[in-house]
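Every number for a ligand or one of its atoms is a count from 1 in the order of the listing.
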Amino acid sequence: MIILAIETSCDETAISLVEAKGGLSCPQFKIIRHIVSSQVKLHAPFGGVVPMLAKREHQKNLPLVLKQAVKEKDIAGIDLIATTVGPGLEPALWEGINFAKDLGKAWGIPVLGVNHLEGHIYSNWIQKDCHSRAGGNPVPKLPAVCLIASGGHTILTYMPNLTSWKILGETLDDAVGECFDKVARMLELPYPGGPQIEIQAKKGDSAAINFPQPMLHSKNYDFSYSGLKTAVLYYLRDHKRANKSNVAASFQSAAFTPLVSKALRAAKEYKAKSILLCGGVASSRALRNLLRREAKKANLTFHAPGLKLNTDNASMIAAAAYINHLKKSPKKLPLKANGNLSV
Ligand code: KG4
Ligand code: ZN
């Protein structure tokens with residue numbers, strides 16, 4: 001089936017056209033068009049996303065992005081319209097939802113609400129090959145442990161099969177990506193901070209400063225990032241001539257250690273075959289390399305989506321819509337913005 005998906009939960013206006021087939025036993029997703037219009041430059045001067053500004057930009061961009069993603073000849077082939085209903089910024093979410101509803105009405109196509117976090121999870125199945133032919137990019141082996149790490153969420157889940165999961169732990173305060181953005185601001189690096197910290201960190205020594213590794217030794221699978229953020233703040237207050245690269249490298253290492261350690265511990269406890277990483281922070285080469293290395297040592301396969309699928313996009317929303325649509329009793333999320341929707 002052909003799915004037109006819309007994503008406007010934060011600061012990317014995204015529309016994708018995706019061909020989905022294979023059913024639940026072998027879901028396959030081929031991206032026909034994948035358009036993302038980022039508002040990063042617009043929000044950068046404010047050091048973060050301004051919800052009402054995001055809403056206005058989505059409103060302006062949606063028709064333009066649609067024109068790029070869907071040609072006149074494509075319309076008759078579309079079977080389903082999928083739109084993110086949460087979690088995210090409600091004013092921004094409403095723009096995508098209303099746009100999807102209008103398209104559905106005009107074209108006579110059903111509209112399905114999608115959970116943004118499910119989109120991140122299933123981003124690991126896009127452009128993968130379930131038949132694992134030689135040279136192909138294989139789908140993740142299940143059961144798996146999946147770490148969702150983004151600007152809004154830090155959640156460790158256990159996935160016994162393709163359609164179910166359980167939350168093992170999550171952040172008790174700031175999300176890991178949010179912490180990167182805040183620390184970047186302290187270091188006077190531009191928004192979004194994650195990629196900037198990674199660039200700085202490459203030039204620094206990760207053992208230079210002993211920042212706390214939040215909840216590393218706690219027995220549960222939860223995370224916490226506000227203490228680490230404060231530790232960096234105090235360090236910078238007390239060391240006016242701090243070496244930025246060393247701060248970035250030491251911070252990055254302290255932030256990632258608990259993620260890697262708990263993902264590995266969960267995989268062992270739950271006898272998972274693979275570890276999946278997704279969400280904007282999965283763009284970090286440092287984190288991907290760390291997790292890949294540790295997974296290999298533990299005889300687990302490691303998966304992270306291709307780069308354009310880590311940060312917010314609509315192809316992942318199409319993938320989640322397809323899987324949900326195939327379930328015996330699909331989740332019927334109301335077509336209403338739900339900023340706090342959970343996985
Ligand atoms: O998934 P995403 O695009 O949006 C949300 O749903 O939040 O994630 C964006 C987050 C931002 O906080 C950004 O700083 C972080 O992902 N990020 C990174 C890196 N690239 C993006 N964090 C650490 N290292 C990176 N290389
Ligand atoms: Zn996201």
Side-chain angles (χ1 to χ4, degrees), residues 5-14 16 36-40 43-44 47-49 51 54 84-90 92-93 96 114-124 146-155 170-171 174-187 189-202 204 206 223 225 228-229 232 248-249 251-260 276-291 304-317 319-320 339-343:
I6 300 171
E7 154 64 40
T8 62
S9 68
C10 193
D11 59 347
E12 327 278 359
T13 314
S16 283
V36 180
S37 166
S38 174
Q39 304 174 6
V40 159
H43 298 283
V49 182
T84 307
V85 295
L89 306 169
E90 291 195 356
L93 286 162
V114 174
N115 183 322
H116 178 86
L117 297 172
E118 291 185 19
H120 277 306
I121 291 176
Y122 291 119
S123 61
N124 265 307
C146 177
L147 175 65
I148 310 171
S150 72
H153 297 86
T154 310
I155 307 176
E170 56 192 314
T171 183
D174 292 357
V176 58
E178 182 185 0
C179 186
F180 270 78
D181 296 334
K182 287 178 177 166
V183 167
R185 212 183 314 173
M186 295 176 204
L187 292 171
L189 298 169
Y191 174 86
Q196 299 293 327
I197 292 207
E198 187 169 17
I199 294 168
Q200 284 291 327
K202 265 196 213 137
S206 63
F223 306 98
Y225 283 97
L228 174 59
K229 176 187 68 187
V232 177
F251 159 73
Q252 182 176 269
S253 163
F256 287 162
T257 303
L259 295 178
V260 175
L276 318 183
L277 176 65
C278 60
V281 184
S283 305
S284 166
R285 196 174 284 271
L287 179 58
R288 289 205 312 272
N289 288 346
L290 257 175
L291 265 173
L307 277 190
K308 68 175 181 183
L309 295 167
N310 290 323
T311 36
D312 291 348
N313 66 86
S315 296
M316 69 182 199
I317 301 305
N340 297 316
L341 190 64
S342 177
V343 264

**Prompt:** How long is the gap from NE2 on His153 to OG1 on Thr171, to the nearest 0.5 Å?
**Reply:**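 His153 NE2 to Thr171 OG1: 10.5 Å, rounded to 0.5 Å.
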**Request:** For Arg185 and Gly47, indicate whether the former's side chain and the latter's backbone hold a donor-acceptor pair under 3.5 Å.
**Result:** yes
**Request:** Give the numbers and elements of all ligand 1 atoms closer than 4.0 Å to a heavy atom of Thr311.
**Result:** 3 (O)
**Item:** Polar atom proximity, Phe180 to ligand 1 (N or O, under 3.5 Å)
**Value:** no
**Message:** Does ligand 1 come near enough to Gly194 that some N or O of the ligand is less than 3.5 Å from an N or O of the residue?
**Reply:**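 N/O-N/O distance below 3.5 Å exists for this pair.
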**Prompt:** Using a distance threshold of 2.8 Å, what protein N/O/S atoms lie below it relative to the Zn ion (ligand 2)?
**Reply:**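 Counting only protein N, O or S atoms under 2.8 Å from the Zn ion (ligand 2), the list reads His116 NE2, His120 NE2, Asp312 OD1.
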**Asked** Is the closest N or O pair between Phe256 and ligand 1 shorter than 3.5 Å?
**Response** no
**Prompt:** So, Glu12 side chain and Asn313 main chain: donor-acceptor pair closer than 3.5 Å or not?
**Reply:** no
**Prompt:** Can you tell me how far OH of Tyr191 sits from CG of Asp11, rounded to the nearest 0.5 angstrom?
**Reply:**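 Output value for this atom pair is 4.5 Å.
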**Asked** What protein heavy atom sits nearest atom 8 (O) of ligand 1, and how far off is it?
**Response** Gly280 CA, 3.2 Å
**Request:** Identify whether the distance between the nearest side-chain nitrogen and carboxylate oxygen of Glu178 and Lys182 falls below 4.0 Å.
**Result:**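 Result for this pair is yes, salt bridge flagged.
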**Request:** Could you pull out, from Ile148, Asp181, Val49, Val183, the option with a heavy atom nearest to atom 13 (C) of ligand 1?
**Result:**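 Selected option, by shortest heavy-atom distance: Asp181.
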**Asked** How long is the span from the OG1 atom in Thr8 to the CG atom in Leu89, to the nearest 0.5 Å?
**Response** 9.5 Å
**Request:** Check whether any side-chain heavy atom of Ile6 sits under 4.5 Å from a side-chain heavy atom of Ile317, and report yes or no.
**Result:**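 Sidechains of Ile317 and Ile6: no contact.
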**Arg288 side chain near Leu277 side chain, heavy-atom distance below 4.5 Å** =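 Sidechains of Leu277 and Arg288: in contact.
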**Residue Pro195 vicinity, atoms of ligand 1 by number, heavy atom under 4.0 Å** =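 Contacts of ligand 1 toward Pro195, numbered from 1: 19 (C), 20 (N), 21 (C), 25 (C), 26 (N).
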**Asked** To the nearest 0.1 Å, how far is atom 26 (N) of ligand 1 from its closest protein heavy atom, and which atom is that?
**Response** Glu198 OE1, 2.8 Å
**Request:** Report the nearest protein non-hydrogen atom to atom 15 (C) of ligand 1: residue, atom name, distance rounded to 0.1 Å.
**Result:** Val281 CG2, 3.9 Å
**Message:** Can you confirm, on distance only, whether ligand 1 has an N/O atom lying under 3.5 Å from any N/O atom belonging to His120?
**Reply:**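 Looking only at distances, the answer is yes, because the N/O contact criterion of under 3.5 Å is met.
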**Message:** How far is atom 3 (O) of ligand 1 from the closest protein heavy atom, and which atom is that?
**Reply:** Asp312 N, 3.2 Å
**Request:** Flag the pair Met186 / Lys229 as yes when at least one side-chain heavy-atom distance between them is below 4.5 Å, and no otherwise.
**Result:**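 Heavy-atom side-chain distance check passes, below 4.5 Å.
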**Request:** Quick one: do Ser9 and Glu7 satisfy side chain to side chain donor-acceptor pair (under 3.5 Å)? Show the steps, please.
**Result:** CA-CA 6 Å; Ser9 68; Glu7 154 64 40; 2.6 Å; yes
**Request:** Could you check if a side-chain atom of Pro87 sits within less than 4.5 angstrom of a side-chain atom of Asn340, using non-hydrogen atoms only?
**Result:** no
**Asked** Looking at the rings of Phe180 and Tyr225, which for Trp means the six-membered one, are their centres under 6.0 Å apart?
**Response**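 Ring-ring flag for Phe180/Tyr225: false, centres at least 6.0 Å apart.
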**Request:** From the options Ala184, Gly151, Pro192, select the one whose nearest heavy atom is closest to atom 7 (O) of ligand 1.
**Result:** Gly151
**Message:** Which of the numbered atoms in ligand 1 are under 4.0 angstrom from any heavy atom belonging to His116?
**Reply:**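 Answer, ordered by atom number: 6 (O).
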**Item:** Met316 vs Ile121 side-chain heavy atoms within contact, under 4.5 Å
**Value:** no
**Request:** Look only at interatomic distance and state if Arg285 has a nitrogen or oxygen under 3.5 Å from any nitrogen or oxygen of ligand 1.
**Result:** no
**Request:** Tell me, please: is Gly152 in heavy-atom contact with ligand 1, that is, under 4.0 Å?
**Result:** yes
